[in-house]
Each structure stands twice: as structure tokens, then as C-alpha cells.
Number of protein chains: 2
Amino acid sequence: MTHPEHRLQEMVQRLKKKGLRITPQRLAVLGILARSADHPGVDRIYEQVKTDFPTTSLATVYKTLVLMKELGEVLEIEFSDTGNRYDGNKPYPHPHLICTECHKIIDPDLDTLAHMTRELTRDTGFKIVSHRLDFFGICPECQKKGVASEK
Amino acid sequence: MTHPEHRLQEMVQRLKKKGLRITPQRLAVLGILARSADHPGVDRIYEQVKTDFPTTSLATVYKTLVLMKELGEVLEIEFSDTGNRYDGNKPYPHPHLICTECHKIIDPDLDTLAHMTRELTRDTGFKIVSHRLDFFGICPECQKKGVASEK
DNA sequence: TTGGCTGCAAATATTTTGCACTGGC
DNA sequence: GCCAGTGCAAAATATTTGCAGCCAA
């Protein structure tokens, strides 16, 4: 999140290169993603977009997010209870530190899990209650299947 | 998942100690949770329960899961797209290895993040595509607020 | 000009809730 | 027998989709 405007231009260029259109609505959504450090949810994005472009619909916000996810320009952080959150600045997997009270999400920088909790507590003052660590991949069986039938 | 029946008894005892009732439906759900190593979803639990106790409703499955989550006897793993999954054997946060093809979930045992990916690839044959690492906690601001107003 | 994009509404999918009835203890 | 628990249906959420009209390129 060091250069929001630069990041916005990156995303815009990505769309152009793909021959996709730069509509005011899209520009508004991308702008919010580029300038947000706190991983906004769909509702927050929607509310903010409407201040700039009042006629924008929720569906368009969703469609834009799906599009950017497919382009690999936005990271979706899944939460079944409080709604998904989006990161347009670091669209690659990275650790998140989530407040279970205000649902704030920040990006800590650390290397190993062993000392992470201690490190986090010391550096952020957060009271770590729990964590989530998931790896996504393809199991050996599915790797074999996938060779022939690429979905 | 070394002693499914023992785990089931643990959960049953937990309910009894709390003065909660052991109904056939609950027993069926708990039994499935205790005997599952693959972190079933609500739908799978529901289907299985119905083979033993055909009149069971989906609502009851949900209610039982909520109850066990509150008692800390079941871990909920959130997935906004493919539905949440449940672990009744290790109801505490731990790493998961998820196949993005068949949605299988297994529990790897490792210590640090640094060598985890390499370790996982070597030990499981999985092709690691991505990962999810989240810490849950309470931020300094909320910790202060929380002192007075315990929700 | 034109086909990709938007907006609205309807459709899905998932989980929660209200309430009368029932059965565990 | 009492009241927690169940089952059904309606409600609440969250996200997706169909399609007519519009506008960015």
C-alpha cells in the first residue's frame, strides 16, 4: 500500500492489456481497492463506490471483484460469517492478523510460525486468541486425474 | 482420530456435565464427528445422520454444530464458497491441507512456516498452490473497550 | 457501431429463526 | 411433568445470474 495511485494504474493497465473496458464504476472499485489498507468487504466497497458514483449496483461490485480475482489482481479472504474481504494491494497469499472484535485486518510481516504468536503479541499488542493456517494444493490422486482432463 | 468411540464419549460427557440432553439426533451427529477424519461439511453430516435417524432435520444438524462449537468441542473451518467444514476430533486451531480439486482436508503435523511448503510437498505429494494463514485475536483498542463492556 | 458492461430483479445457496409439538431426564 | 430439543417452514444473508438497455473504445 505504498503507492495507491501506482497500484491503481497497474490494475487499469492490466484491464486494457486484456482488452477489457475501463468504466467509471470499475475505476471507482479499483480505486478503493488500491487505496485501502484494511481489506474492505463487499458492503464497504459498495458504500464507498456509491459516494463517487451513486448509480453503481451491488452486482457490478461483485462482478468486478470476480473479474479481478480471475486476473489475479485481487486476493479474496474468505469468511463465511462476516463476509469475504478483499486485498487489491497484495493479491497473493500472505498472513493476516484479524481482530475478532472490530474485524480489522492488517498484514504482519514474519517468517516462521514457531515464534509468530509471540512476535505478533509483542509487535502489535494484539491478544492472539486463535489462528488459521491453511495450505491449498492438489493431492497426488487429483494430480494424476488432472493430467488427462484439464477442466 | 485414534479412538473415535472414546472421543464420542468425551463429547457426550461434556453435554451431560452441562445438563444438556443426549437425544438420538445429537448422538448421531456427534458419532459422525467423532468417526470422521476428513472434516465433513454440513451436507455430508446431514446425509449420514439420516441413514441412522431418517427424521432428523437440517436445522437440528446446524443447531448441534453451533452448540458444540460453543462448548469448544468442534472446530469450524470456514469456506465461503464450498461451505464450512467441521472437525470434532481436534477442536483446536491447527494447520489444514486442503485439496482444491476434491476438497479433501487432512491434518499435517509440522512446526514452522518456513519449511512447511517443502515439507508438505515431500511428505504428502501434494502440489502446494496456495496457503491461508490467519491469526485471530483482539487488537489493543478493542482490548481496552472490552474491559468495561463485556458483550 | 457494437459487444462488453451496467443495473435491476429474480434466482440460488446457505444458515438462522420462530414456534408448536415432543420426548429425555 | 417440565422444559430443552426437534422439525417444519419462513426469514435472513450472501452471492450469482438473466436480460434489456447503455456506453467505452
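In what follows, every chain begins at residue 1, and chains take the letters A, B, ... in the order their sequences are listed.
Nearest nucleotide to the Ala59(B) side chain, out of dT6(D), dA24(D), dA9(D): dA9(D). In the set dC19(D), dT16(D), dG7(D), dG7(D) carries the atom at the smallest distance from any side-chain atom of Ser57(B). Closest to the Asn84(A) side chain, of the nucleotides dT15(D), dT16(C), dA9(C), is dT15(D).
Within a 6.0 Å radius of NZ in Lys16(B), no more than 12 heavy atoms belonging to other residues, nucleotides or ligands are found.
For the residue pair Glu78(A) / Asn84(A), no side-chain donor-acceptor distance below 3.5 Å is found, with atom types taken as modelled.
At dT6(C), one or more side-chain N or O atoms of Thr23(A) fall inside 4.0 Å of OP1 or OP2 (strictly under the cut-off). Between Gln25(A) and the phosphate of dG7(C), there is a side-chain N or O to OP1/OP2 separation shorter than 4.0 Å.
If you check every strand for non-hydrogen atoms under 4.0 Å, Thr55(B) touches sugar and phosphate atoms only. Within the nucleic acid shown, Thr56(A) comes within 4.0 Å of sugar-phosphate atoms alone, with no base atom in reach, counting heavy atoms only.
Between the C1' atom of dC25(C) and the CG atom of Leu15(B) lies a distance of 14 Å, rounded to the nearest Å.
Along DNA chain D, the nucleotide nearest Leu20(A) and the nucleotide nearest Lys63(B) are compared for position; the residue whose nucleotide lies closer to the 5' end is Lys63(B).
A donor and an acceptor atom never sit less than 3.5 Å apart when one is taken from the side chain of Arg21(B) and the other from the base of dG5(D).
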